[in-house]
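In what follows, a single structure is set out as structure tokens and then discussed.
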Amino acid sequence: MADVAKRLSTNLDGNFFVDATCINCDTCRQLAPKSFVENGEYSSVYRQPETGSERYQAYQALLACPVGSIGALVPDKAVMRAASESFPLLIEREGARLGAPGAGGCESDVFYNGFNSEKSFGANSYFIRHPDGNWLVDAPRYMKKLVDAFERMGGIADIFLTHEDDIGDAPRYAKHFGAKRVIHRADADAQPDAEWIIDGLDVVEASPDFRIIPVPGHTDGSMALLYRNRYLFTGDHMAWDREINGLRLATVYVWKESALRRSAEKLLELPFEWVLPGHGDRMHLPADRMREELRLLLARRKAGTLLSAT
Ligand code: SF4
Ligand SMILES: [Fe+2]
């Protein structure tokens with residue numbers, strides 16, 4: 001729980017505040033951008049939530065914060081409960097999009113799990129409900145609430161680990177659900193007992209709907225997961241950057257720049273509409289527009305315009 005004695009002076013006065021234990025992971029700014037902002041090495045409240053939806057988002061941020069740095073002086077238990085119930089948070093209902101929910105085995109949902117883990121520096125994790133077996137992409141905190149939600153949706157068959165930094169509580173979820181953990185050999189020291197190790201740089205067709213794409217650069221063993229040629233789970237390889245209103249690659253923590261760029265170029269060959277990162281903003285654009293954004297990103301990168309950091 002946040003400690004009011006450690007409340008940062010950068011917070012606007014009012015019910016919500018951030019304390020000095022904040023690790024500046026950005027989660028609150030993604031979930032409640034109307035209330036939280038980056039301020040030096042921390043986040044802080046720059047505007048107290050006013051409307052019902054702003055309060056709801058602020059409680060989602062409070063619950064997702066990996067280190068419990070967000071506090072409310074007078075908690076609204078009903079809104080807090082509703083915000084807690086919102087996780088896993090539906091990003092898109094694939095069956096409805098196709099106009100045939102529940103028909104022909106095409107129904108599938110993509111969720112952001114919330115409850116980010118300090119073990120992965122507050123990285124986002126995702127859940128894909130699929131008729132042939134569900135996937136977890138990186139892992140949130142291990143919480144009974146999430147375990148129950150995953151159980152209700154049919155459990156977890158595979159846990160895709162984008163790279164060594166964002167393992168979170170994957171081993172506990174794997175054990176509970178008997179799930180296979182997938183990681184690249186180059187990052188496998190972080191999960192040496194993973195059940196499925198990916199080698200080399202070739203794209204792996206895991207099933208007709210899932211493609212595993214090695215994207216070394218941020219780390220030697222970084223991987224992306226392309227689901228139904230629509231959703232690209234990118235780990236810390238690539239994200240949307242709200243400041244430049246464009247895509248960005250990892251900047252500060254880079255294992256090898258040349259590999260990072262080659263990995264981004266490889267993505268030009270693949271169709272996708274969603275970028276779903278570990279750190280940074282999600283984005284949904286038509287596939288041709290997303291490809292154009294990727295070209296612009298590569299041009300900026302080659303010109304040495306390194307904007308924003310991962
Ligand atoms: S979610 Fe928590 S740790 Fe992350 S930036 Fe916000 S207050 Fe800081
Ligand atoms: Fe990382």
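Order of listing sets the numbers, starting from 1, for every ligand and every atom in it. Small disclaimer: the values here were computed from a predicted structure and weren't measured. For the single chain, residues carry numbers from 1 onward in sequence order.
- Relative to the ring axis of Phe272, Arg230 does not place its NZ or CZ within 45° and under 6.0 Å from the centre.
- The environment of CG in Asp193 is crowded: more than 12 heavy-atom neighbours from other residues, nucleotides or ligands sit within 6.0 Å.
- The atom of His163 that is an N, O or S and sits closest to the Fe ion (ligand 2) is NE2.
- Within the 4.5 Å cutoff, the side chain of Met223 has no heavy atoms near those of the Ile213 side chain.
- Ligand 1 places these atoms under 4.0 Å from at least one heavy atom of Asp26: 4 (Fe), 5 (S).
- The protein atom (non-hydrogen) at minimum distance from atom 7 (S) of ligand 1 is Ile70 CG1, 3.6 Å.
- Close approach of ligand 1 to Val67 is summarised as follows: ligand atoms under 4.0 Å from at least one heavy atom of the residue are 3 (S).
- The shortest distance between side-chain heavy atoms of Arg29 and Ser43 falls below 4.5 Å.
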For the pair Ser207 and Asp132, evaluate side-chain contact (heavy atoms from CB on, under 4.5 Å) and give the outcome as yes or no after the intermediate values. CA-CA 10 Å; Ser207 78; Asp132 298 335; over 6 Å; no
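- Of all the atoms in ligand 1, the ones that sit under 4.0 Å from a non-hydrogen atom of Thr27 are 1 (S).
- Between the side chains of Gln60 and Ser86, a donor-acceptor pair is found at a separation under 3.5 Å.
- Among the heteroatoms counted here (N, O or S) of His218, NE2 is the one nearest to the Fe ion (ligand 2).
- The nearest N, O or S atom of Cys22 is not closer to atom 2 (Fe) of ligand 1 than 2.8 Å.
- Heavy-atom proximity to Cys28, at under 4.0 Å, picks out these atoms of ligand 1: 1 (S), 5 (S), 6 (Fe), 7 (S).
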Evaluate the ring-ring contact (aromatic ring centres under 6.0 Å, His included) criterion for residues Trp135 and Phe210: first the C-alpha distance (whole Å), next the side-chain angles of each, then the deciding distance (0.1 Å), finally the verdict. CA-CA 10 Å; Trp135 288 55; Phe210 292 91; 4.3 Å; yes
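- The nearest protein atom to atom 4 (Fe) of ligand 1, hydrogens excluded, is given as Cys25 SG, 2.4 Å; this is a heavy-atom distance.
- Minimum-distance N/O/S atom of Asp236 relative to the Fe ion (ligand 2): OD2.
- Ring-plane geometry between Phe150 and Phe127 is classed as parallel, the angle between the planes falling under 30 degrees on a 0 to 90 degree scale with a further cut at 60.
- If you check which protein heavy atom lies closest to atom 3 (S) of ligand 1, you get Ile23 N, 3.4 Å.
- Side-chain contact between Ser120 and Asn124: absent, with no pair of heavy atoms (C-beta onward) separated by less than 4.5 Å.
- Contacts between Asn24 and ligand 1, counted as non-hydrogen atom pairs separated by less than 4.0 Å, involve the backbone only.
- Considering only non-hydrogen protein atoms, atom 2 (Fe) of ligand 1 sits nearest to Cys65 SG, 2.3 Å.
- Note on Asp165: its N/O/S atom closest to the Fe ion (ligand 2) is OD2.
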